[in-house]
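This report concerns only the one structure given below.
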Amino acid sequence: MTASDRRQFWLAVALVAAPSSASFAADQLAQPGTAPARGPDAPRPDAEAAASQAPGAAPVSDPQGNAPIVPEAEFDAALPPLSGDIDAPLEAMTPAVPATQTPPGATTGAALNTGDTLGPVGPEDPTLAQPLTPLGSFDTTPLQDSVVASTDAPEIRYDTVVRGLEPLGLDDEFKSLSALREGGGKAANGAQVAARAREDEGLAVRLMRSLGYYDATAVSTIEQPTPTTVAAPAPGQAAPADGAAVPAGDKAGRIRAILTATPGRLYTLSSVTIRAEPAVPQDLLRRNLPLKVGDPIEAARIQGAEANVSLILPQQGYPFVKVGERDILLEDQAPDPVGAYTLPVDTGPRSSFGRIVTTGDEVFGLDHLNVFPRYKEGQLYDARLTDDLRDALVGTGLFNSVAVEPQRTGRTGPDGTEAVDLLVRQSKGPARSLAATAGYSTGQGTRIEGSWTHRNLFPDEGALIGTLVAGTQEQGAGATFRRSNAGRRDRTFSIIANASHQNYDAYEAYIGTLAMRWSYDSTPIWQKKFTYAYGVELTGTNEDVYDFTEGRRRRGTFGIAALPGQVVFDQSDSLLNPTRGYRLKLNLSPETSVRGGVRPYVRTMVEGTAYYPINDSLVIAGRVRAGSIQGIDRNDLAPSRRYYGGGGGSVRGYGFQRLGPFEPVDPADPDARRNPVGGRSLNEFAVEARYRFGNFGIVPFIDAGNSYEDSLPTFSALRWGAGIGGRFYTNFGPFRVDVATPLNPRPGDGKVALYISIGQAF
């Protein structure tokens with residue numbers, strides 16, 4: 001240890017062992033050191049010299065003020081000697097007491113107990129000897145502070161007042177997002193009200209800036225309730241006693257949170273700049289960015305314009321367009337506040353349609369996938385046709401998930417565009433499904449139909465459908481083979497075999513049918529404006545028929561060959577629940593009845609429906625239908641092929657098939673119930689007022705119509721029915737319950753008819 005180290009060591013020891021008596025401390029304070037003063041407030045040398053010459057002043061031995069507080073020699077002499085062994089234990093220290101501080105009766109030089117000595121060491125705490133908890137098992141979960149609301153704390157009620165936002169049209173939007181209004185006028189304390197008000201300040205500023213007011217400010221204030229003034233008691237009334245409660249007004253105790261918004265100046269566009277490579281045509285970008293100089297710098301307007309670029313360019317041959325981050329440089333020092341708008345756009349290559357490629361769990365091969373596109377290879381790329389392809393694949397119902405993505409190829413076409421292949425990512429879904437429908441109507445009874453479908457039993461899209469019908473008056477079974485997208489998109493080919501037993505008032509029949517049908521149909525995903533169907537049908541039926549010659553019913557067998565066709569022009573907005581538009585439908589079926597001879601005839605039916613929305617909740621719907629059978633006498637026509645009126649899909653209020661000609665009155669039993677025999681013509685009219693509220697609806701309606709023995713319908717002898725219906729709207733169509741009554745009933749007609757089914761009446 002060097003001399004310098006030893007000096008510092010013993011200096012520390014001396015400071016620890018310094019006397020701590022009050023008298024010694026007082027002497028030290030009374031005789032401060034003479035270290036020289038430094039800084040601007042230090043006394044000047046001439047002032048120190050004058051002070052030293054003052055009367056009674058002690059001579060100054062150190063005019064410069066640099067003398068040490070303890071002389072070096074005296075300090076070294078006070079240090080005790082050290083042994084040469086630096087590892088030796090330290091000696092016990094006995095503090096030296098100056099002679100002037102020796103207590104009376106004490107021996108000079110003897111050890112003095114100053115009160116600073118340590119007492120005896122107590123027994124060791126056994127807890128200190130325990131090992132520390134391992135770090136791996138140490139619980140690092142922070143302590144949870146629980147705040148217990150005081151049940152005695154009063155709840156603060158407040159009113160919210162907003163000023164300055166209504167002229168900007170922001171009042172409703174502010175109300176929907178406001179923290180003050182979300183609190184419902186209640187808070188735990190005033191600090192909570194103030195915090196909500198500060199949050200609403202920021203909300204108001206953001207809303208105003210979204211309209212282009214970038215200098216907008218908002219200030220909130222909290223007004224305490226005004227003390228209620230108590231009126232003097234009326235003559236004859238005693239004043240309230242001291243401490244008695246005084247009733248307050250309705251708003252007593254409520255505070256007001258007032259938010260005042262100041263929009264400031266409106267910023268407008270001073271320039272609109274697009275940074276992009278040249279596009280074809282040259283103004284493609286600029287005309288599809290609907291912004292111009294002088295437009296307010298409104299957030300919704302700016303974002304909508306940029307979204308329009310992202311939407312339109314992929315429809316004009318640029319599938320890989322990327323819209324960058326806009327830059328708006330605001331200038332607030334000009335006479336009018338403006339902003340310079342710049343938008344970077346990476347258009348990517350101008351492209352055309354290439355080939356279809358596929359990956360994933362294959363449902364369709366490339367041959368069948370190429371049936372779906374509505375574009376030709378080499379055609380300018382249009383994102384709408386890509387979406388159309390994806391939706392068509394979804395409509396098959398055979399995918400768990402399917403995606404169609406454009407892929408760059410680097411191939412250049414004859415027109416200079418880059419060919420883009422469409423990658424179809426397939427994921428196979430379940431091909432089988434079960435379905436069921438049920439309904440009830442007066443005269444037709446209960447009818448339940450169930451079906452089982454395998455949509456891809458015969459790839460591609462060759463479906464097998466089995467159906468069962470169980471009802472109080474109809475039972476049957478059938479099988480259908482259906483090929484969807486048969487060689488052409490949306491074209492369907494079907495083979496149908498069906499057998500049924502029908503037992504109605506008009507007839508009882510055992511019917512077997514074999515038919516083939518080609519159709520171009522609408523689906524819930526793809527509702528088409530124009531659809532059609534045509535085919536061939538062979539039907540054999542054994543029915544009981546009223547023989548007007550013999551005046552009784554007897555059974556007869558009919559063979560029928562038909563070429564049914566249908567054309568539909570649909571301008572409505574929905575297949576299952578239309579609210580606007582119209583539909584026109586024509587059914588035409590040349591047929592031949594074979595019963596002892598060949599009798600050709602033609603069945604026709606024309607129907608028109610229209611839907612007019614009065615407002616978002618009310619739709620007026622109307623229907624007109626007329627049918628005719630030409631070329632055959634009614635008695636030679638199978639009863640199941642005749643026209644009947646009445647029922648849930650016809651004139652409500654009357655039983656199923658109970659409108660039209662009836663059997664003659666039996667003279668032997670004139671009060672006996674007569675059965676309908678059907679006719680060769682039909683007309684029907686219906687008007688509904690469909691009022692919807694949420695998922696429910698009320699539909700008052702009035703229907704009219706009849707069927708006739710002649711081949712052309714007339715407006716004579718119309719039967720009227722009226723009623724009201726209820727609707728419960730689901731994602732697959734409305735559930736319908738209608739109750740109707742005949743307005744001009746005939747003898748034997750019921751007073752009330754009930755109809756329950758799925759879907760609108762028309």
Side-chain angles (χ1 to χ4, degrees), residues 206 209-210 212 214 267-293 295-330 338-360 373-394 401-427:
R206 291 194 301 273
R209 287 183 175 179
S210 71
Y214 289 93
Y267 283 72
T268 59
L269 293 174
S270 61
S271 63
V272 177
T273 304
I274 302 176
R275 295 204 313 265
E277 295 294 327
V280 179
Q282 292 184 355
D283 64 340
L284 178 63
L285 284 165
R286 189 63 192 89
R287 74 166 182 257
N288 288 297
L289 183 70
L291 296 175
K292 62 181 183 298
V293 174
D295 285 346
I297 306 178
E298 183 180 344
R301 182 191 298 264
I302 299 292
Q303 293 171 354
E306 295 171 357
N308 193 65
V309 173
S310 299
L311 175 67
I312 297 299
L313 260 67
Q315 299 175 3
Q316 302 293 325
Y318 292 92
F320 307 107
V321 62
K322 295 180 181 178
V323 176
E325 292 291 334
R326 77 187 74 87
D327 179 67
I328 303 178
L329 181 61
L330 299 179
V338 294
Y341 174 85
T342 303
L343 181 67
V345 178
D346 180 8
T347 60
R350 191 165 185 256
S351 306
S352 57
F353 284 109
R355 298 187 292 265
I356 290 180
V357 294
T358 186
T359 186
R374 297 187 190 273
Y375 60 82
K376 295 181 179 180
E377 189 172 342
Q379 180 179 336
L380 188 66
Y381 183 88
D382 188 337
R384 291 169 294 187
L385 297 177
T386 301
D387 296 339
D388 175 84
L389 172 59
R390 182 187 62 249
D391 292 343
L393 294 174
V394 171
S401 65
V402 61
V404 181
E405 305 167 4
Q407 302 286 319
R408 293 193 61 176
T409 64
R411 303 192 308 267
T412 302
D415 58 354
T417 59
E418 179 178 331
V420 171
D421 290 346
L422 296 185
L423 175 63
V424 178
R425 299 184 183 273
Q426 304 185 53
S427 175

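Side-chain contact between I302 and D295 is absent, with no heavy atoms from C-beta onward closer than 4.5 Å. In this structure, the side chains of Y267 and L330 come closer than 4.5 Å at one or more pairs of heavy atoms. When side chains are defined from C-beta on, S427 does not count as touching V402, because their heavy atoms never get closer than 4.5 Å. Residues P373 and L385 form no side-chain contact, since every pair of their non-hydrogen atoms from C-beta on lies 4.5 Å or further apart. When side chains are defined from C-beta on, L289 counts as touching Y341, because their heavy atoms get closer than 4.5 Å. Counting heavy atoms from C-beta outward, V272 and K292 have side chains that stay 4.5 Å or more apart. Here the side chains of T347 and L285 are in contact, with some heavy-atom distance below 4.5 Å.
S351 places a side-chain N or O within donor-acceptor distance of the main-chain N or O of P349, the cut-off being under 3.5 Å. Not one N or O on the side chain of D391 forms a donor-acceptor pair closer than 3.5 Å with the backbone of D388. A donor-acceptor pair under 3.5 Å is formed between the side chain of T358 and the backbone N or O of V424. Checking side-chain atoms of E418 against main-chain N and O of T409 turns up a donor-acceptor pair under 3.5 Å.
Considering all non-hydrogen atoms of both residues, R275 and T342 come closest at NH1-CG2, 3.1 Å. Shortest non-hydrogen contact noted between F320 and V420 is CE1-CG2, 4.0 Å. Between V293 and S271, the closest heavy-atom pair is CG2-CA, 4.0 Å. Residues R350 and Y318 share a closest heavy-atom pair of CD-OH, 3.5 Å. The two residues L423 and Q407 come nearest to each other via the heavy atoms CB-CG, 3.6 Å. Heavy-atom minimum distance, N308 versus N288: ND2-O, 2.7 Å.
Taking OH of Y375 as the start and CG of L422 as the end, the distance is 4.0 Å to the nearest 0.5 Å. Rounding to the nearest 0.5 Å places CG of L291 at 10.5 Å from CD of E298. One finds the CD atom of Q316 at 7.5 Å from the CG atom of L380 (value rounded to the nearest 0.5 Å). Here the CZ atom belonging to R287 is positioned 9.5 Å from the CD1 atom belonging to I312, to the nearest 0.5 angstrom. A distance of 14.0 Å separates NZ in K322 from CG in L313, rounded to the nearest 0.5 Å.
D421 has a carboxylate O that lies under 4.0 Å from a charged side-chain N of R411, or vice versa, which qualifies the two as a salt bridge.
Residues meeting the side chain to side chain donor-acceptor pair (under 3.5 Å) test with R326, sequence neighbours left out: E306.
Defined by atom type and a distance below 3.5 Å, a donor-acceptor pair is present between the side-chain atoms of Y381 and T386.
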Working for salt bridge (Lys or Arg N to Asp or Glu O under 4.0 Å), residues R384 and D387
CA-CA 5 Å; R384 291 169 294 187; D387 296 339; over 6 Å; no

